[in-house]
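Notes follow once the structure below has been shown.
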Amino acid sequence: DFIMTVSQIIDFPFVDDNTRFVIYDFDCRVVISGDWFNDNVLGYHDYMVDTFAYIPGLNKIYVTVC
């Protein structure tokens, strides 16, 4: 099985300093929202990703962590 972490998403080429991350827990509650370089988002860099979606027009990434 392939396991992806939040840090791997941060490394995607379309992520820039203006990309907004919204991270949800498994119960679909928002736990963190911010730019990739904010400490609150970086605190989740080792979390495993269940699902994610990138919305190019909004430059947002929605992530559900396990």
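Just so you know, these numbers use all the heavy atoms, side chains as well, and skip hydrogens, waters and symmetry mates.
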Close side-chain approach of V63 and V22, heavy atoms under 4.5 Å: no
Donor-acceptor under 3.5 Å (N38 side chain, V41 main chain): no
For the student: nearest non-hydrogen atoms of D16 and N18, plus distance: OD1-N, 2.8 Å
Hphob cluster co-occupancy, I10 + L58, side-chain heavy atoms under 4.5 angstrom: no
Partner set under side-chain contact (heavy atoms from CB on, under 4.5 Å) for V31, not counting sequence neighbours: I23, D25, Y44
Non-neighbouring partners of Y62 that pass ring-ring contact (aromatic ring centres under 6.0 Å, His included), sequence neighbours left out: none
Summary of salt bridge (Lys or Arg N to Asp or Glu O under 4.0 Å) pairs that have at least one residue in residues 36-52, sequence neighbours excluded: none
Min side-chain heavy-atom separation T19-D35 under 4.5 Å: no
Heavy-atom pair with the smallest gap, counting every atom of H45 and T5: O-CB, 3.6 Å
side-chain contact (heavy atoms from CB on, under 4.5 Å) between I9 and V49, intermediate numbers included: CA-CA 9 Å; I9 295 174; V49 172; 3.7 Å; yes
Members besides F26 in its Ile/Leu/Val/Met/Phe/Trp/Tyr cluster (side-chain heavy atoms under 4.5 Å): none
Verify same cluster id: F21, I55 (apolar side-chain graph, 4.5 Å): no
By ring-ring contact (aromatic ring centres under 6.0 Å, His included) - contacts of Y54 (at least two apart): F14
For D11, all residues meeting side-chain contact (heavy atoms from CB on, under 4.5 Å), sequence neighbours excluded: none
F52/Y24 under side-chain contact (heavy atoms from CB on, under 4.5 Å): CA gap, chis, key distance, verdict: CA-CA 10 Å; F52 80 95; Y24 296 86; over 6 Å; no
Backbone of R29 reached by a side-chain donor or acceptor of D27 within 3.5 Å: no
Value rounded to 0.5 Å, distance of OG in S7 from CZ in F12: 10.0 Å
